[in-house]
Structures are given as C-alpha cells and as structure tokens.
Amino acid sequence: MPRTTRAAKTKSFLQVANWKMNKTIREAKQFIEQFVNEKVVTKQQIWFAVPFTDISPMKQLVGDVYQIGAQNMHEASSGAYTGEIAAEMLLEAGASFVILGHSERRKYFHETDSSINKKVLRAIEAGLKPIVCIGESFEEREEERTEEVLKNQLLEGLKDVSVNSISSCIIAYEPIWAIGTGKTATSDMVVKAHEAIRSIFEGLYEKKIAEEMTILYGGSVSPASAEELSKSPGVNGFLIGTASLDPATFAKIVTLSENTTVE
Ligand code: 13P
C-alpha cells in the first residue's frame with residue numbers, strides 16, 4: 001500500500017479535451033462557437049489538445065481564454081525527420097502544452113518510456129508544458145501490478161527531469177482498459193492510483209512537490225462519471241477524449257465538476 005500523500009484541492013480543476021485525430025479547422029471553429037453558446041460559468045481551466053492544423057486557428061480564435069496544445073512532438077529541435085514536428089513549431093503556432101506518451105502513441109507508434117523521456121526533456125527545455133500519460137493494461141491490473149507499472153513509467157519517462165522543472169509537468173493517469181471503452185475506473189481505483197503516483201513523486205523528489213503535482217484522470221470520463229470522479233481526493237482534473245468532441249457534453253462535464261476546486 002502506498003503511503004497517503006494527498007493533494008489539497010487548492011488550485012482550479014483542469015479540464016483537458018484530447019480531440020485525438022478529430023476535427024478539421026472548420027469543425028474546430030464550429031465547436032468553439034457552440035461551446036461558447038453553452039454559456040458555462042466556471043472557475044476551472046479549460047485546455048484543448050488539438051490536431052496540429054487546428055493549433056494556430058484555435059489560438060487566434062480563443063486567445064487566452066483557453067489554452068491550446070498538441071498531442072505529440074519530436075524530441076529534436078529541427079532536422080531531417082520527414083513528417084515530424086518540433087516543440088518550437090508548436091510554440092510559435094500558439095501551443096502552450098503537449099500531451100506525451102499517450103497509450104495510443106505507445107500502442108500504434110511504438111513509443112517507449114525512453115523515447116517519451118527524450119520528448120519530455122525537450123518540451124521542458126523549449127518551454128512547453130508536458131502532460132505525461134501513464135497507465136496500466138487490464139492484464140497488469142488483474143495481476144495486481146498497477147503500482148509497479150506506474151512506477152516504472154514515471155521513473156523512466158521522467159528520468160533526468162530536475163526538481164526545478166518537474167513543476168511544469170502534469171501527469172495524466174489513464175488506465176488503458178478505460179480509454180474509449182465506456183469502462184470508467186471507479187473513484188476508489190482512481191484515488192488509489194493517484195495516491196500511488198504521489199508517493200512515487202515523494203520518493204523521486206520531495207513531499208511538497210508530490211502534494212502540489214497536478215494529476216489528471218482520463219478514461220471514458222462522461223457526464224455520468226464526472227461529478228463523483230471530480231470530487232475524488234487527489235484528482236486535479238480530467239483528460240477527456242470522446243466526451244470532449246461534443247460541445248454540449250463537454251460543457252456538461254465542466255458544469256458537473258464545478259465546486260470541486262477546494263477540498
Ligand atoms: P476517452 O475519454 O474517449 O476514453 O479517451 C480518453 C483519452 O484517451 C484521453 O486522452
């Protein structure tokens with residue numbers, strides 16, 4: 001059992017929409033128009049991780065109201081890497097953050113903790129906030145190896161990230177079996193995993209850093225699960241796929257997560 005290191009919910013809840021490979025520029029603009037029409041009143045932060053082509057037009061459209069980010073990047077700052085994109089390009093287009101190590105990147109594009117680590121270090125150096133995704137498979141959970149898997153992913157994925165830089169990183173706990181399946185992890189599972197992650201951070205860095213780390217939950221978050229999960233101790237926000245594609249559904253999740261900012 002991990003030692004209990006819980007974060008006080010003193011900062012605003014963070015909602016990150018991960019659009020994956022969805023929405024053309026036209027569709028992205030339409031989404032924002034409809035989302036604004038939902039008239040959500042919130043103290044939460046709302047970020048959009050969008051396809052590369054949407055970054056610049058989205059930034060021009062939303063300014064500083066929402067943060068815009070990418071879903072991947074290359075670890076080099078430039079060079080002969082046909083089809084890849086560098087941190088500087090994302091920054092100049094208007095991105096302020098980048099999702100790294102998503103399980104779909106690990107599965108379909110063979111990313112490893114070691115290659116993710118290079119990207120994390122590059123993103124930090126360039127001034128992009130990394131959202132580092134970790135999470136266990138169904139088999140690993142069944143074998144009661146969840147904490148071991150999370151620990152290895154953090155140890156390798158965050159290797160050489162200094163104590164001064166770690167505060168610019170965000171962790172997303174996304175159990176693979178919950179992504180796009182409609183199977184949300186229970187509040188109990190999420191709380192335990194987040195506590196385990198904070199304990200690992202306490203071992204790697206220090207207690208204050210562990211407590212202040214922003215840790216998101218992702219995996220089939222929906223209006224049905226948002227309220228309970230957002231109230232779960234140690235959950236600082238969501239990383240949302242499918243349910244973030246529809247403006248009304250996403251707005252509903254934001255509304256259901258309101259009043260969870262302070263514990
Ligand atoms: P779903 O919300 O569709 O399960 O996707 C979660 C996810 O992968 C967010 O990064």
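Order of listing sets the numbers, starting from 1, for every ligand and every atom in it. Residues: numbered from 1 along the sequence shown.
- Closest to atom 5 (O) of ligand 1 among all protein heavy atoms lies Lys20 NZ, 3.2 Å.
- With a heavy-atom cut-off of 4.0 Å, Ser103 does not touch ligand 1 at all.
- Ligand 1 has at least one atom lying under 4.0 Å from a heavy atom of Ser220.
- In summary, Glu111 and Lys118 do not engage in a salt bridge, as defined by a charged side-chain N under 4.0 Å from a carboxylate O.
- Ring geometry, Phe97 versus Trp47: the interplanar angle falls from 30° to 60°, so the pair is classed tilted.
- Residue contacts with ligand 1 include Ala178, since one of its heavy atoms falls under 4.0 Å from the ligand.
- Side chain to side chain, His102 and Glu174 meet the donor-acceptor criterion of an N or O pair below 3.5 Å.
- Counting the atoms of ligand 1 from 1 in the order shown, those under 4.0 Å from a heavy atom of Gly180 are 1 (P), 3 (O), 4 (O).
- The aromatic rings of Phe238 and Phe13 sit perpendicular to each other, their planes meeting at more than 60°, with 30° as the lower class boundary.
- Counting only heavy atoms of the protein, atom 7 (C) of ligand 1 lies nearest to Glu174 OE2, 3.2 Å.
- A continuous path of ILVMFWY side-chain contacts below 4.5 Å connects Ile215 to Ile124, so both sit in one hydrophobic cluster.
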Practice item. Please assess Met73 against Leu100 for the test side-chain contact (heavy atoms from CB on, under 4.5 Å), listing each intermediate value before the final yes or no. Key: CA-CA 8 Å; Met73 55 166 254; Leu100 294 175; 3.9 Å; yes
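- In terms of polar-atom proximity, Leu239 is not counted as a contact of ligand 1, lacking any N or O under 3.5 Å from an N or O of the ligand.
- Given atom 3 (O) of ligand 1, the protein heavy atom at minimum distance is Thr242 OG1, 2.5 Å.
- At least one N or O atom of Gly241, backbone or side chain, sits closer than 3.5 Å to an N or O atom of ligand 1.
- Residue-level proximity to ligand 1 for Asn18 is carried by the side chain, the only part with a heavy atom below 4.0 angstrom.
- Ile134 and Ile179 fall into different hydrophobic clusters, where Ile, Leu, Val, Met, Phe, Trp and Tyr side chains are chained together by heavy-atom contacts under 4.5 Å.
- Contact atoms of ligand 1 toward His102: 7 (C), 8 (O), 9 (C), 10 (O) (distance under 4.0 Å to a heavy atom of the residue).
- Residue contact check for ligand 1: Gly218 places no non-hydrogen atom closer than 4.0 Å to it.
- For ligand 1, the polar-atom distance check against Glu104 finds no nitrogen or oxygen pair separated by under 3.5 Å.
- Note: Asn18 CG to Thr242 OG1 = 9.5 Å, rounded to the nearest 0.5 Å.
- Residue Thr181 has no nitrogen or oxygen atom sitting less than 3.5 Å from a nitrogen or oxygen atom of ligand 1, judged on distance alone.
- Ring geometry for Phe48 against Phe35 counts as perpendicular: the plane angle is over 60°, on a 0 to 90° scale with 30° as the lower cut.
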